[in-house]
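In what follows, chains carry the letters A, B, and so on, assigned in the order in which the sequence lines appear, proteins first and then strands, with residues in each chain numbered from 1.
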Number of protein chains: 2
Amino acid sequence: MSPNYFQQYQDADMDELADVIGDLLQNPITVEDADHKLIAYSSHGDSTDQARWSTIMGRRVPEKVLTRLWKDGVFQELLTQDDPVHIPAKDEVGLGKRVAIAIRRGNDVLGYIWAQEVNRPITRDDDEILRQAAKAAVSRLIQRQGKRKAEEQRRKEFLWELLLGNHHSEVIIRQKAESLQMHLAPSYLICIIEAAGLRLDQYLYPLLMRDKLFWVVDGPQIILLIGLTEPKKEKSNVLIRKVEQFLSDSLGKLETYVSVGQVIAGYGRGYKSYTEIVKSYQEALHAVKIKKLFPREIAGIHGYHELGIYRYLLKCKQWDEEQGYENERLEVLKQYDRDNQTAMQETLETFLDAAGKVNVTAQRLHIHINTLSYRLRRIEEIMQVDLENMNQRTSLYLELKMAKLNEEQ
Amino acid sequence: MSPNYFQQYQDADMDELADVIGDLLQNPITVEDADHKLIAYSSHGDSTDQARWSTIMGRRVPEKVLTRLWKDGVFQELLTQDDPVHIPAKDEVGLGKRVAIAIRRGNDVLGYIWAQEVNRPITRDDDEILRQAAKAAVSRLIQRQGKRKAEEQRRKEFLWELLLGNHHSEVIIRQKAESLQMHLAPSYLICIIEAAGLRLDQYLYPLLMRDKLFWVVDGPQIILLIGLTEPKKEKSNVLIRKVEQFLSDSLGKLETYVSVGQVIAGYGRGYKSYTEIVKSYQEALHAVKIKKLFPREIAGIHGYHELGIYRYLLKCKQWDEEQGYENERLEVLKQYDRDNQTAMQETLETFLDAAGKVNVTAQRLHIHINTLSYRLRRIEEIMQVDLENMNQRTSLYLELKMAKLNEEQ
DNA sequence: CTGCTATTTGTGAAAATCCACAAACGAACT
DNA sequence: AGTTCGTTTGTGGATTTTCACAAATAGCAG
């Protein structure tokens, strides 16, 4: 029966606890939370390695160290077992030999304790010390997590305020962000992912963490603030590429759980001023709305700036309704289809979607090219239009898509 | 020296005067105004012909009689000479033999006196009676014309009220129209013709009379209420055809005075309820506005319903401005043109106007077809667009036309 | 059943489009 | 002067489009 090493230190804070562990193991100790942010470290370790030094200075474990440890399966081990993991030195990332253990409550990992092996080797005999240390750290980390949750909550509330346009001063926004420890990227956009019946934040958690995004959940939607961390490039392309990459990752992941088409994503334009976040949000909402209305037409498109005519469609429709404008031409064609059980409207739409290429149209409709040609001639007669005229062709295209808004709902 | 036949009847009204003339010539007399509306007729003519009977019953000379008299050159004679014109019988239109004289002041013809030859022949000896009768009628017709002018004025004011949407009750509109002797057609539309520096009502007077239109003049514009007199056909086509015919006549006439393109015309949709006249007017105004902005694009088009995409263009533009949307793609192309002194934008516009037909485009631009193909490839690279994609092609088309709104003003 | 009409499919030839490649040209730069 | 680059024009051949005409099919009314 081993002694209870930490009984007498129940009132000690995390830093004192690190010192106690360090004394017991005679080696430098570092304590991190689940996100690898530095929580505490033993103070009288005289010698240390590059990795620990960087961690303490940056208040977080360096990215390249984390990447390496993930790659080598160290975290996988830590996440799945209660016992300490002995890690050989990885000189390429400045990491000396050390032992680590996860601080966990039930299945949740709250953080990690790292003991560097520099003054003396750490053997299996020391494992019990680390196990007890991890247990002793739990209550302190839960407290800390509570604080973080509250802070996270305040951040989300602030993001909602921004999304709803409650703030009008850039300066005040930046001040408040600073106070909430939110690092606002110099250029950003709002992206929305929607999937009915899925707790999106849970499924996407790893990706959200990876890209350090701010987000809020609104019913079936998750609303993401995506920014460029490096302000070097001015090109808006970079931001677009980042969000497309993120969507590619997320949708790929989500579509393993729900069928394709059940997941919808859209994003607004990129802005620099955070007073305009409400615009990017509205644009993202618009994009999502349109994607629901025209899933086939703009499959694979997520950006508001890529919507093309569909960006105007709802407005135009609305305007038509306001002034009681009806498209008699299209109505005539529909009536013809009903009367003769033909598919003129479908033919026209396919033809227009194919940008007037007859062979493409004929293929898509599975009809002979001359049948198509005949139908197009009939359509021109029935509707009294000239399909060679770009103005007429374009307005027909718009009207056709507008008409679909009525049909499909 | 012949006697002064009418000296003693200076206070007599027009009907009494007709009786006096009838007594002198021993024949039935009819007096009409310039528009062939019945003004007065002698009462104790016992026998008469079909034409006179119809004129009195209908309070206007029947159309077919007028047509025939125009065709036979009778009116041409009456309009150009002061003397009575002796007219042989025209049995096909129920017109017996008669003599007519114009009532004129200076060059203006105020009306006509008709003397039917039924009781006794009217000879050259009676000409002096008719000459004096015409002279005697002048003052009375001027008075009458004054009244008509006032009534005309009230009609125009009423039309303005309708155009501006001041009336909301169909019943009241019809009552007021009735009281103003305005026969409202069962279906109508508003047409506007505009030509700077031309008194349009003067130039178009014959046409306006021919079609019995109501109209008001507003600066350089004349606003016409065009209706279908025969309510038999329900087809809106008939109305459209009528206005197109009218415009063809009017513009043809006007363009002999001013250069083509200086005259602009547009018309709204057809309606049945006169509470909607304001809509037709607004649509006509919109059509005129668009025709000024895009003279080349919609040359030969006048109807609001034919505007196609141009109907939406201003709204879309306005919306873009409201939400601060800028077309970076197009701007990039323009910049390229400026930098390299190329004509990519023009090329793109011509290509789109030609609905993507390369040979048409190349011809219009006077370039080799391969040059065009090269330019299109470059445009796709520069703008990062896919011209084969109908959505992109259409939105480019819209954006291009919208951009022209900025450039040309 | 028999015309009648609208629709679909087939054939073939002329016209247009697309594509790859090459040559010529002019402006800018070294 | 020579080089480079973007642009224009030319050539030839495969592919697509367009058009006219004919034949087959299906639905419908007398």
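- The interatomic distance linking H366(B) (NE2) with dT8(D) (P) rounds to 15 Å, in whole Å.
- A tilted orientation is assigned to the rings of H302(A) and Y267(A), their planes being inclined by 30° to 60°.
- The CG atom of L372(A) sits 14 Å away from the P atom of dG10(C) (whole-angstrom rounding).
- Distances were taken from every side-chain heavy atom of H368(A) (C-beta onward) to each of dT7(C), dT9(C), dT9(D); the shortest belongs to dT9(C).
- Distances shorter than 4.0 Å separate some side-chain N or O of R375(A) from OP1 or OP2 on dT8(C).
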Using atom names, set out every protein N or O paired with an N or O of nucleotides 4-6 of chain D below 3.5 Å, distance rounded to 0.1 Å.
unit_1 : atom_1 : unit_2  : atom_2 : d
dG6(D) : O3'    : Y336(B) : OH     : 3.3

Enumerate the protein-to-nucleotides 19-22 of chain C contacts in which both atoms are nitrogen or oxygen and the separation is below 3.5 Å.
unit_1  : atom_1 : unit_2  : atom_2 : d
dA20(C) : N6     : N370(B) : ND2    : 3.4

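- The 12-atom threshold is exceeded at CD of Q323(B), counting heavy atoms of other residues, nucleotides or ligands nearer than 6.0 Å.
- With a 6.0 Å cutoff to the six-membered ring centre and a 45° limit on the axis angle, R393(A) does not count as a cation-pi contact of Y397(B).
- Checked against a 6.0 Å centroid threshold, the rings of Y310(B) and F294(B) count as neighbours.
- The interatomic distance linking N359(A) (CG) with dA14(D) (P) rounds to 19 Å, in whole Å.
- Rounded to an integer number of Å, the gap from Q363(A) CD to dT17(D) C1' is 14 Å.
- Following rounding to the nearest Å, E381(B) (CD) and dT7(D) (C1') show an atom-to-atom distance of 13 Å.
- The residue among K357(B) and M344(B) whose nearest nucleotide of DNA chain D is located toward the 5' end is M344(B).
- For Q341(B), the CD atom counts as loosely surrounded, since its 6.0 Å shell holds 12 or fewer non-hydrogen atoms of other residues, nucleotides or ligands.
- Nearest approach of Y336(B) to R378(B), heavy atoms of both residues: OH-NH2, 2.9 Å.
- Proximity of T371(B) to the phosphate of dT7(D): no side-chain N or O atom is located under 4.0 Å from OP1 or OP2.
- Comment: E194(A) does not engage K289(A) in a salt bridge, judged by the lack of any side-chain N to carboxylate O separation of less than 4.0 angstrom.
- For I369(A), whose side chain is taken as the heavy atoms from C-beta onward, the closest listed nucleotide among dT9(C), dT17(D), dT9(D) is dT17(D).
- Atom CZ of R377(A) and atom C1' of dA6(C) are 12 Å apart (whole Å).
- If you measure from atom CG of L376(A) to atom C1' of dT9(C), you get 16 Å, rounded to the nearest angstrom.
- Side-chain contact between I379(A) and F351(A) is absent, with no heavy atoms from C-beta onward closer than 4.5 Å.
- Between R311(A) and D320(B) there is a salt bridge, since a side-chain N of the basic residue sits under 4.0 Å from a carboxylate O of the acidic one.
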